[in-house]
**Student:** 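First, the structure itself, so that you have it in front of you.
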Amino acid sequence: MANNRGYPHCRRFLSRRQSILTIALFTIFAFVFSIFLLLFGFAPKEDDILKDDTRLEEPQQSQSVQQQVSDENLWGASLSHGLHPCIKPTARHKAAQGSDHYITVRSNGGLNQMRTGISDMVAVAHIMNATLVIPQLDKRSFWQDTSTFSDIFDELHFITTLQDDVRIVKALPKELESIPRARKHFTSWSGMGYYEEMARLWKDYQVIHVAKSDSRLANNDLPLDIQRLRCRALYRALRFSPSIERLGKKLVERLRSHSGRYIALHLRYEKDMLSFTGCTYGLTEAESEELRIMRENTNHWKVKKINSTEQRVGGFCPLTPKEVGIFLESLGYPPITTIYIASGEIYGGEARLSELKSRFPNIVSKEALATAKELEPFANHGSQTAALDYIISIESNVFVPSHSGNMARAVEGHRRFLGHRRTINPDRYGPSHGVVLLNSTRVAWELKIRSYLSNPLLIRLLMRRIKNQMLAQNRMKGLVELFDKLESGELKLGSSFSHLVQEMHKNRQGAPRKRHGPLPGIKGRARLRTEESFYENPYPECICRSKTAV
């Protein structure tokens, strides 16, 4: 009887154990299946993009291919999601105080390197409670430009716009011109603590001279009011001189009256850029040797021996005029598109530029838009003509940089500030880009999976699939790889190629996002060099969701 009475109890117990085991197995299966879907269910397979050779044999771009891209997707501004410029000081901001301590500055680099450096020095003067003397501009760079501050910028506007933030004077008081100065090379990407420490110099000196101004402030982890002060300096105070502003706006009006809308192309294919970066792809042996000699003879360019192939694969080379033409055509822009060339003299001249003109004949430059008389005051002043290019680029319907230099970053940041105007950044990387990060990413996934699963066979199977998927995605990662496959005949121009280019760049067109942080695995101060520049993307400090722009 006892056995008979206990049997139902035992059966219920076994049933409960089986139920618990079933639930546990189902939970593990659901988790593994969710990982599978997350990793592979939404990722495009390589076979879906390149199924067979027949898809690679399509004819060259046709009008029907270009019409597939809507007008809005070609010319419309990126969705700003209600974001506005917001650079007004907070209630905690300290107003400028009268100070008998002075900072003098020698700005270095080209126009935009100097502009962002000066904006940094405005913030540094505020932090150190100093009076800023109007900076001296670089007259020793590649352009050998003799322009002064007032030749390029509206000096009075600069002083008065920032008068509540920092005291600015045109020159040192005469009684201080001959006294000893502290000469400093402030450390790059420094924070508040560093400059508060530097303020101790006031105990021994009344004047601090700063030998370089570029990248002297950190991109991140600064007080909100300091970041907004940098934006007020760059986007409000550093207005160009009246003569530059007048001609710049006149040229924009001529472009719009001629074609209605236009692309501003920062075609950074000038001699100095190619020599400095060691990028010789597509050049003759004589041209490559000319660039090598120039690099050897330029003392302040420290790196002399450069592997051009590694530079190109690593994404450090500008696109060639021919590559830019293929790129814009593949995005869907029609041949009648007006393209303004925002750059200096193209290396190789008209012969090399013809590789772009063959696809887009409506190429214009400031020399074509302006009369010789209008340009005469700016002759031999590279920074002033660069300012004209800057104005035309800011006001363009679309901005495309062929290389991520100082102007490209400054223009992109300004266009983000003005409402996330369409800015298309070509993905210039080659087939090996990302291989360095591949192992660290794989290890991160393995650690995550091991925290949930204990079956070694299942872990190995999942990790093998993850690795294969990452390699497949990495194989078609940048434009350089696509261009190389065009050259070798593995790919042909057509709808398949256009699809690859468009998919690659659908998230590279200036939409709102936060700044990229440092690359993973890099420690110490070296990580600061890999951060996205504050001036390339001043969100969220200077761009916010307030109801009104300030």
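Values reported hereafter were calculated over all heavy atoms of this structure, with side chains retained and with hydrogens, waters and symmetry mates removed. This is a predicted model, so every value here is computed, not measured.
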**Student:** Can a donor-acceptor pair be found, under 3.5 Å and without considering hydrogens, that links the side chain of Glu270 to the backbone of Gly344?
**Tutor:** yes

**Student:** Rounded to the nearest 0.5 Å, how far does CG of Leu251 lie from NZ of Lys366?
**Tutor:**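 The distance works out to 9.5 Å.
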
**Student:** Any non-hydrogen side-chain atom of Phe153 less than 4.5 Å from a side-chain atom of Arg115?
**Tutor:**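 In short, these two side chains touch, coming nearer than 4.5 Å.
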
**Student:** Tell me if the SG of Cys86 lies under 2.5 Å from the SG of Cys542.
**Tutor:**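 The answer is no, since Cys86 and Cys542 keep their SG atoms 2.5 Å or more apart.
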
**Student:** Has Arg230 got its NZ or CZ under 6.0 Å from the middle of the six-membered ring of Phe534, at an angle within 45 degrees of the ring axis?
**Tutor:** yes

**Student:** Looking only at atom types and distance, does a side-chain atom of Arg261 sit under 3.5 Å from a main-chain N or O of Asn397, one as donor and one as acceptor?
**Tutor:**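 Side chain of Arg261 to backbone of Asn397: no pair is present.
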
**Student:** What's the separation between atom OG in Ser365 and atom OH in Tyr340, rounded to the nearest 0.5 Å?
**Tutor:** 7.0 Å

**Student:** Give a yes or no on whether a salt bridge exists between Lys506 and Glu503, defined as a side-chain N under 4.0 angstrom from a carboxylate O.
**Tutor:**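 Looking at Glu503 together with Lys506, the answer is yes, because their closest N to O distance falls below 4.0 Å.
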
**Student:** Donor-acceptor check, side chain of His403 to backbone of Phe316, threshold 3.5 angstrom: yes or no?
**Tutor:** yes

**Student:** Quick check: does any side chain N or O of Ser190 sit under 3.5 Å from a backbone N or O of Thr187, one acting as donor and the other as acceptor?
**Tutor:** yes

**Student:** Take His505 and Phe327 through the ring-ring contact (aromatic ring centres under 6.0 Å, His included) test and state the conclusion after the steps.
**Tutor:** CA-CA 10 Å; His505 293 86; Phe327 173 63; 4.8 Å; yes

**Student:** Run the salt-bridge test on Glu532 and Arg409 with the 4.0 Å N-O cut-off and return the result as yes or no.
**Tutor:** no

**Student:** For Asn219 and Tyr535, which I'm curious about, is there any donor-acceptor pair between the side chains at under 3.5 Å?
**Tutor:**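 The answer is no; no qualifying pair exists.
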
**Student:** Return yes if some donor-acceptor pair links the side-chain N/O of Ser402 with the main-chain N/O of His266 below 3.5 Å, else return no.
**Tutor:**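 At least one qualifying donor-acceptor pair exists.
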
**Student:** Salt-bridge test for Glu345 and Arg268: reply yes if a basic N is under 4.0 Å from a carboxylate O, no otherwise.
**Tutor:** no

**Student:** Quick test of your reading of the model: are Lys322 and Glu487 salt-bridged, counting only N-O distances below 4.0 Å?
**Tutor:** yes

**Student:** Assess the side chains of Glu395 and Tyr390: does a donor N or O sit below 3.5 Å from an acceptor N or O?
**Tutor:** no

**Student:** Would you call Ser213 and Gln113 a side-chain contact if the rule is heavy atoms closer than 4.5 Å?
**Tutor:** no

**Student:** Is a side-chain donor or acceptor of Ser275 paired with a backbone partner of Lys271 at a separation under 3.5 angstrom?
**Tutor:** no

**Student:** Under a 3.5 Å threshold, yes or no: a donor from one side chain and an acceptor from the other, between Ser308 and Thr280?
**Tutor:**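 Distance-only check passes for Ser308 and Thr280.
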
**Student:** Do side-chain atoms of Gln502 reach the backbone of Ser330 as a donor and acceptor pair under 3.5 angstrom?
**Tutor:** yes

**Student:** Does any N or O in the side chain of Thr284 come within less than 3.5 Å of the main-chain N or O of Glu287, such that one atom is a donor and the other an acceptor?
**Tutor:**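 Yes, Thr284 side chain to Glu287 backbone: donor-acceptor pair under 3.5 Å.
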
**Student:** Checking the side chain of Thr423 only, and the main-chain atoms of Arg421 only, is there a donor and an acceptor separated by less than 3.5 Å?
**Tutor:** yes

**Student:** Output yes when Lys485 and Glu481 qualify as a salt bridge under the 4.0 Å nitrogen-oxygen rule, no when they do not.
**Tutor:**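 Between Glu481 and Lys485 there is a salt bridge, with a charged N closer than 4.0 Å to a carboxylate O.
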
**Student:** Between the side chains of His420 and Tyr539, is a donor N or O closer than 3.5 angstrom to an acceptor N or O?
**Tutor:** no

**Student:** Does Glu374 pair with Arg246 as a salt bridge, N-O distance under 4.0 Å?
**Tutor:**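 A salt bridge is absent here (no side-chain N lies under 4.0 Å from a carboxylate O).
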
**Student:** Measuring only between side-chain heavy atoms, which start at C-beta, is Tyr281 closer than 4.5 Å to Val480?
**Tutor:**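 A side-chain contact under 4.5 Å is absent here.
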
**Student:** So, are Glu350 and Lys357 salt-bridged, with charged N and O less than 4.0 Å apart?
**Tutor:**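 Here Glu350 pairs with Lys357 in a salt bridge, since their nearest N and O are under 4.0 Å apart.
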
**Student:** Look at Arg312 together with Glu323 and state whether they make a salt bridge at an N to O cut-off of under 4.0 Å.
**Tutor:**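 Result for this pair is yes, salt bridge flagged.
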
**Student:** From Lys304 NZ over to Arg292 CZ, what is the distance, rounded to the nearest 0.5 angstrom?
**Tutor:** 11.0 Å

**Student:** Using only heavy-atom distances, determine whether the side chains of Asn73 and Ser70 contain a donor-acceptor pair under 3.5 Å.
**Tutor:**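 Yes, because at least one side-chain N or O of Asn73 sits under 3.5 Å from a partner of the opposite role on Ser70.
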
**Student:** Taking atom types as modelled and ignoring hydrogens, do the side chains of Glu490 and Ser488 form a donor-acceptor contact shorter than 3.5 angstrom?
**Tutor:** yes

**Student:** I'd like to know if Arg216 and Asp214 make a salt bridge, using a cut-off of under 4.0 Å between side-chain N and carboxylate O.
**Tutor:**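 Yes.
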
**Student:** Between Arg239 and Asp154 (salt bridge meaning N to carboxylate O under 4.0 Å), is one present in this structure?
**Tutor:** yes

**Student:** Report the C-alpha separation of Arg415 and Ser396 in whole Å, then their side-chain angles, then the decisive distance to 0.1 Å, and conclude whether the side chain to side chain donor-acceptor pair (under 3.5 Å) test is met.
**Tutor:** CA-CA 10 Å; Arg415 289 174 67 87; Ser396 65; 3.1 Å; yes

**Student:** Could Arg359 and Tyr333 be counted as a cation-pi pair, given that NZ or CZ must be under 6.0 Å from the ring centre and within 45° of the axis?
**Tutor:**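 Not satisfied by the 6.0 Å and 45° rule.
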
**Student:** Evaluate whether atom CZ of Arg525 has more than 12 neighbouring non-hydrogen atoms of other residues, nucleotides or ligands under 6.0 angstrom away.
**Tutor:** yes

**Student:** Assess the side chains of Glu412 and Asn537: does a donor N or O sit below 3.5 Å from an acceptor N or O?
**Tutor:** no

**Student:** For a side chain to side chain contact (heavy atoms under 4.5 Å, CB included) with Phe360, tell me which candidate from Thr337, Thr338, Val324 qualifies.
**Tutor:** Thr337

**Student:** Taking Arg515 for the side chain and Pro538 for the main chain, is one N or O donor matched with an acceptor at less than 3.5 Å?
**Tutor:**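 Checked: no pair found.
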
**Student:** Taking it one step at a time, do Asn108 and Asp138 satisfy side chain to side chain donor-acceptor pair (under 3.5 Å)?
**Tutor:** CA-CA 5 Å; Asn108 60 296; Asp138 191 340; 5.8 Å; no

